[in-house]
Chemist: 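The structure that follows is given in the form of structure tokens.
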Amino acid sequence: MRNREQGFTLIEILVVITIIASLAGAVLILVPRIQAKQKQTTCANHLRQLGGVYTSESMEKPGLPPHVGASLFLYYRQKHFIQKGREEVLTCPGDNAVRLPANEEESARYDEIDLANPPPEMCSFMARDFISYPLSNEAKSAEIIACDRNGPDHKTAHHRDALNILYDDGAVQSKD
């Protein structure tokens, strides 16, 4: 039996330190991955909501959408299909170039956007160019409607090695 005055041995202390260091290392590795996955899931949810607006609008007004690229979704905001104050739907949390409006005055900027030349910091998503690439009635599978923009330069991914894609059936998938 050990005497209480002896304390812990060096081996016991090193084992405890090793266990604590291992747990801290695991947390430092896992937390950023979990946060990145949460941002990707939120982005997919926003894209899914925009897909719902697209679907309902295309059912009410058949034909080509009135705009392409980010302009389509900003048009939905201008026409109040996306409510004032709900502009977060237009953003991907992984897109550092887009800043959410902090007050009503900033939110009102969405009503005055020039849709022919939309500012890139207002929307994280790009809709298909339906004139150059029309949807096919004979398509055997769902066709792409939109995706997250892949960064302000259209090349830098918002998400680690993945792209969120919206299909015409309303599904959103992450493609690696």
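The structure presented is a predicted model; accordingly, all values stated were derived computationally and were not measured.
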Chemist: Report the residues that fulfil ring pair (Phe, Tyr, Trp, His ring centres under 6.0 Å) with Phe130, sequence neighbours left out, ordered by chain and then residue number.
Modeler: Tyr54

Chemist: Using the test side chain to side chain contact (heavy atoms under 4.5 Å, CB included), find all partners of Val15 that sit at least two apart in sequence or belong to another chain.
Modeler: Ile11, Ile19

Chemist: Share the residues that join Ile29 in a hydrophobic cluster, the rule being Ile, Leu, Val, Met, Phe, Trp or Tyr side chains under 4.5 Å apart at the heavy-atom level.
Modeler: none

Chemist: Give every donor-acceptor pair under 3.5 Å between a side-chain atom in residues 162-170 and any protein atom, sequence neighbours left out.
Modeler:
unit_1: Asn164; atom_1: OD1; unit_2: Ser174; atom_2: OG; d: 2.5
unit_1: Asn164; atom_1: ND2; unit_2: Gln40; atom_2: O; d: 3.2
unit_1: Asp168; atom_1: OD1; unit_2: Glu143; atom_2: N; d: 3.0
unit_1: Asp169; atom_1: OD1; unit_2: Ala171; atom_2: N; d: 3.0

Chemist: Looking at CD of Glu87 and CG of Leu74, how far apart are the two atoms once the value is rounded to the nearest 0.5 Å?
Modeler: 10.0 Å

Chemist: Sequence neighbours left out, what pairs pass side-chain hydrogen bond (donor to acceptor under 3.5 Å, both in side chains) with at least one residue falling in residues 18-39?
Modeler: Gln38-Thr42

Chemist: Salt bridge (charged side-chain N to carboxylate O under 4.0 Å, His left out) with Arg86: which residues, sequence neighbours excluded?
Modeler: Glu88

Chemist: List for me each residue that meets side chain to side chain donor-acceptor pair (under 3.5 Å) alongside Lys61, sequence neighbours excluded, and say none if there are none.
Modeler: none

Chemist: Going by salt bridge (charged side-chain N to carboxylate O under 4.0 Å, His left out), name the residues that satisfy it together with Arg109, two or more places apart in sequence or in a different chain.
Modeler: none

Chemist: According to side chain to side chain donor-acceptor pair (under 3.5 Å), who are the partners of Gln78, at least two apart in sequence or on a separate chain?
Modeler: none

Chemist: Kindly write out the residues that satisfy side chain to side chain contact (heavy atoms under 4.5 Å, CB included) with Pro32, not counting sequence neighbours, or none if the list is empty.
Modeler: none

Chemist: Please list all pairs passing the side-chain hydrogen bond (donor to acceptor under 3.5 Å, both in side chains) test where one or both residues lie in residues 62-76, with sequence neighbours left out.
Modeler: none

Chemist: Run the ring pair (Phe, Tyr, Trp, His ring centres under 6.0 Å) test against His159 and tell me which residues pass, sequence neighbours left out.
Modeler: none

Chemist: Has Tyr110 got a side-chain atom pairing as donor or acceptor with Met122's backbone, closer than 3.5 angstrom?
Modeler: yes

Chemist: Does any N or O in the side chain of Ser136 come within less than 3.5 Å of the main-chain N or O of Glu138, such that one atom is a donor and the other an acceptor?
Modeler: yes

